[in-house]
Amino acid sequence: MNALIPFPILLPLFTAIILMLSLRWQTLQKYISLAGSIALLIISILIFAQIESKGIQAVQIGNWPAPFGITIVADLFSAIMIIVTAIMGIAINIYSFSSIDINRQRFGYYPLLNGLLMGVCGAFLTGDVFNLYVWFEVMLMSSFVLMVLGGEKAQMEGGIKYVTINLFSSAIYLSGLGILYGQIGTLNMADLAFKIRTLPDTNVLNIVAMLFMVAFGIKAAVFPMFFWLPASYHTPPAAVSAIFAGLLTKVGVYAMIRSFSLFFVVDVDFTRILILWIAGLSMLSGVLAAATQYEFRRLLSFHIISQIGYMIMGLGLSSKLAIAGSIFHIIHNIFAKTNLFLIAGVVHRLKGTYDLKKLGGFYKNYPILALLFVIPAFSLAGIPPLSGFWAKFILIKAGLELQQYVIVIVALIVSILTLYSMTKIWAELFLKAEPSTGDNKPLLKPELSLLVPVVLLAGLTVIIGIWTEPFFNILMRAAEQLINPAEYIHAVLGVQL
Amino acid sequence: MDIILAFLIGLLYAAGIYSMLRRSFIKLVIGLLLLSQATNLLIFTAGGLTRAVAPLVPDGEKIPPALSADPLPQALILTAIVISFGVLAFMLVLLHRSHQTIGSDDLDKMKGTDE
């Protein structure tokens, strides 16, 4: 029994409640929300330290013993993801200081942001498949409202697509879950893992696995199911689209890694090949579609799809090194991708447009912004010594060890194409002279609160890149826990596999 | 009974997806509603239809009678119904607001964000 583990869920909830009560004091709101995120970071680091020293921790809600009640479990993977979520919360809160207008605040922007963080943390911590569905819905409800808050035309159009496809995926997930319960008779993830490994008679399990794959695949925006993402992610304000781009798709990837390493382990030859195909096609289609785009955030949205491909690739390879690479890529991508969206927001703040063709001259006018752009952009393309290089290096090394040459070649080609896209942004936005609009407006200066999170996230990208080894060692242990679920099952059920 | 419900569930899924593919936003909302009802019935059926007593522990005993119904699928469905109710409320507000902003409920006219 460990009292700390539920706090990453409770803290954003309490913060959201306080924020709802203090909706009238708008300056106060910003600081309460930021304080909530900082407290979340502290708690998540404490949880991480505890798991480091004592192993996987589980809490039975209401003291109902494991397969009957709801279990909340934190292993290293969950703990790392929660730390990242808290960092994102801090960055987005600071960024919202001056970028979210008063009307959006009045209609509850900050409580919704905390609701989103609660849903994400819940999804990372839960040890129960139905509870995962509930956290998905908590997260989705907040994201639906954040998506359309403000009521602009583009937001409505993007919002309808986003809401529809996500509800559809929830329905598919729920169907899979119902069939799974009918077959195995349990919803607890550890119990599922235990029963599926000990009862070999599981004919319907592949159907359920595919239903889960489609549901998580829609949420993660992988190959044939990604079209909703570039249609909606560029419509809300920069702060919102940045946290969506950073966190939400990764929750789908997390759920996929969790379920396909823990309990869909019966027909691995089939699922792994399928996942590798999806990974390769996601990488290629995302990066190729991005090459044709000139809207800053739409271009970056297509890149999310290709980066998700890398994360899924690690799951498809499924060795210890590959899973570690996957987690590395998730973390690197959350930092780098959010940062690029935030920079797009800064550019929009300065020039009032996201259209790269209408922008230019930033290198001359804002050299510091150019430097801040180069760090996440090069990291995304995989230039050493930044974090993206190591993430891709680990994945490709794992691919070579398992002799999966096709996916390795695809990953390398996509890496080069990513660099092409980044140089395109660089050439259009920074090097090209600014297209003259006739009027000579004075140069605006970006607010400090817009630059602080950009610097923070760029710093993290560099730090992960330079001090890779200790970070990598932690990830290898996290991957070890995922590959051998005995410790997970023991922590929850108290039985040996 | 299982067979009848299986056909009913299939019909509901088909009707839901058919409505979702229509061009009208209202029909899209109805389609999603049908889909969530189909899912609820699926959980109910997959959980096992047995003719049994309610799982109440009789006086003086520690466990429910041997042939008692599984209450869990119903608890799941109840949760799912509550969630889909909330989501439906949101969809209706979105329908109203988007009709105000876009001035149409034709989904084919909402391509502005795809270009």
Side-chain angles (χ1 to χ4, degrees), chain A residues 67-68 129-131 133-134 136-138 140-141 144-145 147-168 170-187 204 208 211 227-228 230-235 293 295 297-298 301, chain B residues 2 9 12-13 16-17 20-21 25 28-29 31-49 70 72-73 75-77 79-84 86-91 93-105 107-115:
Chain A
F68 305 111
V129 277
F130 189 77
N131 201 230
Y133 162 74
V134 175
F136 270 145
E137 293 300 308
V138 171
L140 287 178
M141 261 335 257
F144 291 164
V145 187
M147 174 69 85
V148 298
L149 190 66
E152 291 161 23
K153 188 164 178 277
Q155 279 187 301
M156 287 298 162
E157 294 185 4
I160 290 169
K161 291 162 196 164
Y162 178 75
V163 171
T164 309
I165 197 71
N166 272 299
L167 291 180
F168 187 66
S170 291
I172 293 175
Y173 179 53
L174 206 54
S175 311
L177 198 148
I179 299 171
L180 187 66
Y181 179 73
Q183 289 298 311
I184 316 282
T186 181
L187 292 169
V204 195
V208 180
L211 284 171
F227 41 84
W228 58 272
S232 61
Y233 268 26
H234 64 290
T235 55
Q293 294 296 322
E295 213 270 20
R297 285 196 291 175
R298 257 178 86 78
S301 298
Chain B
D2 282 23
I9 293 164
L12 278 172
Y13 270 110
I17 289 171
M20 284 180 73
L21 294 174
F25 189 16
L28 174 73
V29 177
L32 277 172
L33 189 68
L34 288 175
L35 210 61
S36 71
Q37 304 301 353
T39 310
N40 291 343
L41 263 182
L42 176 73
I43 297 175
F44 184 63
T45 316
L49 292 174
D70 185 356
L72 194 73
L76 300 183
I77 293 166
T79 317
I81 287 174
V82 174
I83 291 175
S84 68
V87 167
L88 180 70
F90 174 77
M91 284 296 273
V93 177
L94 185 64
L95 173 68
H96 176 63
R97 284 288 287 133
S98 64
H99 188 261
Q100 276 183 339
T101 336
I102 303 169
S104 160
D105 95 321
L107 292 167
D108 274 7
K109 295 214 171 102
M110 303 182 189
K111 286 181 182 159
T113 62
D114 278 328
E115 277 132 24

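Reckoned from all heavy atoms, side chains included, excluding hydrogens, waters and symmetry mates. Letters A, B, ... are given to chains in the order of the sequence lines, protein chains preceding strands, and every chain is numbered from 1.
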Undergrad: Taking atom CG of B/Leu94 and atom CD of A/Gln155, what is their separation to the nearest 0.5 Å?
TA: 11.0 Å
Undergrad: Indicate the atoms forming the closest heavy-atom contact of B/Thr101 with A/Gly151, along with that distance.
TA: CG2-O, 3.4 Å
Undergrad: To the closest 0.5 Å, what do you measure between CG (A/Leu174) and CG (B/Leu76)?
TA: 8.0 Å
Undergrad: Under 4.5 Å heavy-atom distance to chain A, tell me which part of B/Ile77 shows up: side chain, backbone, both or neither.
TA: neither
Undergrad: At a 4.5 Å cut-off on heavy atoms, which part of B/Leu107 comes close to chain A: side chain, backbone, both, or neither?
TA: side chain
Undergrad: Less than 4.5 Å to any heavy atom of chain A: does that hold for the side chain of B/Phe25, its backbone, both, or neither?
TA: side chain
Undergrad: Does the side chain of A/Val163 reach to within under 4.5 Å of the side chain of B/Leu32, using non-hydrogen atoms?
TA: no
Undergrad: From A/Tyr181 OH over to B/Asp70 CG, what is the distance, rounded to the nearest 0.5 angstrom?
TA: 3.0 Å
Undergrad: Please classify the contact of A/Phe168 with chain B as side chain, backbone, both or neither, using a heavy-atom distance under 4.5 Å.
TA: both
Undergrad: For a quick check under 3.5 Å, do B/Thr79 and A/Tyr133 share a side-chain donor-acceptor pair by atom type?
TA: no
Undergrad: Is the shortest heavy-atom distance from the side chain of B/Phe90 to the side chain of A/Leu140 under 4.5 Å?
TA: no
Undergrad: Measuring from A/Ile165:CD1 to B/Met20:CE, what's the distance to the nearest 0.5 Å?
TA: 7.0 Å
Undergrad: Taking every heavy-atom pair that is under 4.5 Å apart, which of A/Val145, A/Val134, A/Thr164, A/Val148 has the most such pairs with chain B?
TA: A/Thr164
Undergrad: Contact part of A/Ile160 toward chain B, heavy-atom cut-off under 4.5 Å: side chain, backbone, both or neither?
TA: both
Undergrad: Determine whether B/Met91 and A/Leu167 make a side-chain contact, defined as any pair of heavy atoms from C-beta on separated by less than 4.5 Å.
TA: yes
Undergrad: Considering only heavy atoms, which portion of A/Val138 lies under 4.5 Å from any heavy atom of chain B: side chain, backbone, both, or neither?
TA: neither
Undergrad: Check whether any side-chain heavy atom of B/Ile102 lies under 4.5 Å from a side-chain heavy atom of A/Lys153, and answer yes or no.
TA: yes
Undergrad: Checking heavy atoms, do the side chain of B/Ser98, its backbone, both or neither come under 4.5 Å from chain A?
TA: both
Undergrad: Measuring from atom CD1 of A/Ile179 to atom OG1 of B/Thr45, what distance do you get when rounded to the nearest 0.5 angstrom?
TA: 10.5 Å
Undergrad: Give, for atom CD1 of A/Ile172 and atom OG1 of B/Thr39, the distance between the pair rounded to the nearest 0.5 Å.
TA: 9.0 Å
Undergrad: Taking every heavy-atom pair that is under 4.5 Å apart, which of B/Val29, B/Leu35, B/Leu72 has the most such pairs with chain A?
TA: B/Leu72
Undergrad: Of all heavy-atom pairs between B/Ala46 and A/Gly178, which one has the smallest distance, and what is that distance?
TA: CB-O, 3.5 Å
